[in-house]
There are 2 protein chains.
Amino acid sequence: MENLSTRHVRVLQAVVENYIRTGEPVGSRTLARSPGFKLSPATLRNVMADLEEYGYLCQPHTSAGRIPTDLGFRFYVNHLSGPSEIPSAAQRKIRERLEMSDGRLEEILHDGVLTLAQLTPYVGVVSLPDFRRMVVRHIRFVKLAGHRILAIIVALGGTVQNVLFESDTELSQDQLNRYSNYLNSLLGELTLNGVKRKILEEMAGDKRGYDELFAQVLALSQNLFQQKEVLGGDVMLDGKLNLLEHPEFADVERMKEIFKAFEEKGTILKILDDALEGEQLRVVIGSESHARELRHCSLVTAAYGRPGEVLGQVGVIGPTRMDYSRIIPLVNYLANVMSQRLTS
Amino acid sequence: MENLSTRHVRVLQAVVENYIRTGEPVGSRTLARSPGFKLSPATLRNVMADLEEYGYLCQPHTSAGRIPTDLGFRFYVNHLSGPSEIPSAAQRKIRERLEMSDGRLEEILHDGVLTLAQLTPYVGVVSLPDFRRMVVRHIRFVKLAGHRILAIIVALGGTVQNVLFESDTELSQDQLNRYSNYLNSLLGELTLNGVKRKILEEMAGDKRGYDELFAQVLALSQNLFQQKEVLGGDVMLDGKLNLLEHPEFADVERMKEIFKAFEEKGTILKILDDALEGEQLRVVIGSESHARELRHCSLVTAAYGRPGEVLGQVGVIGPTRMDYSRIIPLVNYLANVMSQRLTS
DNA sequence: CGTTAGCACTCATCGCCTTGGAGTGCTAAC
DNA sequence: GTTAGCACTCCAAGGCGATGAGTGCTAACG
């Protein structure tokens, strides 16, 4: 950092917090009046001019106060926003909501985003997990008409996902039962991907030579694994309406852009997927997302799943003027509860 | 009708069609210029004044042209909008889309609203069916952990719905198999409700005296029937973004109201459920819905299911200034294709 | 008697200007 | 280094008049 003095830092912090609170550009006068500042407006103007030069602040127009740039928010998030306490009411609500939800994966995720949408004035978002990475307790196949098969995948926490798919040949329920027994015998603490790998290894190792059962289970899994419910690659949103309450989105054009991003989902999914391996919590501020439509939005997301086995990301989307110090711990907490619910 | 002359009717029709096309209030001058009118603006003004008095037209302000009232649109829809042809491209798209979708109920419905959202500049909407009214081919129970059971309900058209629920006591898979065999033996051309009734009748008739199996299947069904996936009572929307393109929704406040109605769903569900028994197609114009938030919107919906067995309603929500003559046959067609897909 | 031309009137919209106020940068004094 | 003062910029809001679309009314016309 361009060797910011403590004074610079304090001013930056004050500007950011003021702006987060009011949504108005903050001027030297207001700042001087805020408690804890013994400096005159003129001095503050100098300091703020410095901060503008460094790129942390900017002015909407010449004679307005300053607002933080994305960089300014970034500095604030990285260095200035101490983790605040999560109100116990919010904690309780999160826990209750997630304990109440039935075991279907979608229901749990939905409850997660719903809770976020209710606890914050922003949009709750969650990416659907790649089921192939989940530790699976057992799989069951149910024959429907013709080639259609319903797979019921029960993951570690009792989470259930069912997937409809087709097999290449018509299989009887008996056959399906044998397949699923076989698959289940392989499942220990393995993920679906792990199972697949194991099958392939055993085949390659030629331990048992060519095995009819092997081949057919493999063929079946191939089809199963291609279904989008297994692949993930979708996001769920809730509380879009919340955004309409924020003055910065009063502009119809801007609103349209963002809602378009919400509807398409691809953009958001991409941002969520950008999360680095092993990164628990992530804040993407404004243009950091490199998505034009979301350049006025920030995302606070956390990975859910379990250590080393990330299933997806959950968090909120809001204006860059977001109450980071409140939201960050909240999202983090929710992700933890969700993780427990899904994998314990 | 207040004995409208053919002239009155022709003028009303012209005003409505003009307004639907342009979205602007239409004045006497523009009307006089439109082909087929040999009358002077002055005469038209008199006619329009009559129509205003009767309540079919109104003026946004004193010196603007006329726009149709809800009543005006109603008259137009009832008497003046001849059923137009559905472009074969649209027909093809609808058929292809619905044939492509896999057999899950939700997927089919989703494809339905998606298609509407793509073929029209409005919002596609569908109410989830009450599964109790569907003719069911068979039911299968799968035991999960503890008391949890997954019911797989396969309806007539191969549609699959799965429902997670809990039983009062822990049941083995064997027991569940017996139950489902028993249930399936009862299912002929019966709806779920029908099955329930039959069970109750047989019990009441005391044909077999007290039967353990009976009782337990009944208890199980009770729990199953309470699940929301079975009950229906939800709506699915798509293409909300389309509405943003319409000038009448450029106003943020109005937009908010409508989106709120979309998010809550209760309002919309209520309107859809208001459909009269046996009514195939329905047009609700503006305030006819008695829902404040939707007073600027019209709904065109059609029942899907099969004759005498309505499963739900599917259609579009748009501004009262909607292209009724195009939309009505379109929605009707889609409902028919959906019905076939679901029940044949 | 229905139709039409003419006219005075209304009202939203637009551009233009003014005013007020908030905030800035700069300079000079402390 | 800090601060007071001042000239300056610029947005927002309000007033004003011109414009133009459209109306209702009346009187003349065929």
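Note: hydrogens, waters and symmetry copies are ignored here, and every other heavy atom, side chains too, is used. Owing to the predicted nature of the structure, the values given are computational and were not obtained by experimental measurement. A, B, ... follow the sequence lines: proteins, then strands. Residue 1 opens every chain.
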Item to complete: Report the residue from A/R295, A/R74, A/R282 that forms a salt bridge (Lys or Arg N to Asp or Glu O under 4.0 Å) with A/E288.
Response: A/R74
Practice prompt. Quick one: sort the B/H246 and B/Y122 rings into parallel, tilted or perpendicular, breaks at 30° and 60°.
Written response: parallel
Practice prompt. Tell me whether the OP1 or OP2 atom of D/dG22 has a side-chain N or O from B/S63 closer than 4.0 Å.
Written response: no
Item to complete: Mind calculating the distance between CG (A/L44) and C1' (D/dT2) to the nearest angstrom?
Response: 11 Å
Item to complete: I would like to know whether B/F259 and A/F259 meet ring-ring contact (aromatic ring centres under 6.0 Å, His included); could you show each step before the answer?
Response: CA-CA 12 Å; B/F259 272 62; A/F259 272 62; 5.5 Å; yes
Worksheet entry | Donor/acceptor link under 3.5 angstrom from A/T62 side chain onto base of D/dC10 | no
Worksheet item: What is the distance from CG of A/L39 to C1' of D/dG1, rounded to the nearest Å?
Response: 11 Å
Worksheet item: Just how far, in rounded Å, is C1' of D/dG20 from CZ of B/R29?
Response: 10 Å
Practice prompt. Whole angstrom is fine here: how far is it from CE in A/M48 over to P in D/dT3?
Written response: 15 Å
Discussion item. I'd like to check B/F262 versus B/I317 (side-chain heavy atoms, cut-off strictly below 4.5 Å). Are they in contact?
Written reply: yes
Worksheet item: In the structure shown, which nucleotide is the Watson-Crick or G-U wobble counterpart of D/dA27, with both distances under 3.5 Å?
Response: C/dT4
Discussion item. Using modelled atom types and a 3.5 Å cut-off, is there a donor and acceptor pairing between side-chain atoms of B/S127 and backbone atoms of B/Q313?
Written reply: yes
Worksheet, complete the sentence: The residue, A/R45 or B/R45, whose nearest nucleotide of DNA chain D is more 5′ is A/R45
Worksheet item: Given atom OH of B/Y19 and atom P of D/dG22, what is their separation to the nearest angstrom?
Response: 14 Å
Worksheet item: Now, which nucleotide makes the Watson-Crick or G-U wobble pair with C/dG23, with each of the two distances under 3.5 Å?
Response: D/dC8
Worksheet, complete the sentence: chain B reaches DNA chain C, atoms under 4.0 Å from its heavy atoms, from C/dT3 to C/dA12
Response to the item:
To the nearest 0.5 Å, atom NE2 of A/H110 lies from atom CG of A/D238 at 5.0 Å
Fill in: Contact nearer the 5' end of DNA chain C, comparing A/A42 with B/N46
B/N46
Discussion item. Distance to the ring centre below 6.0 angstrom and angle to the axis at most 45 degrees; does that hold for A/R66 and A/Y56?
Written reply: no
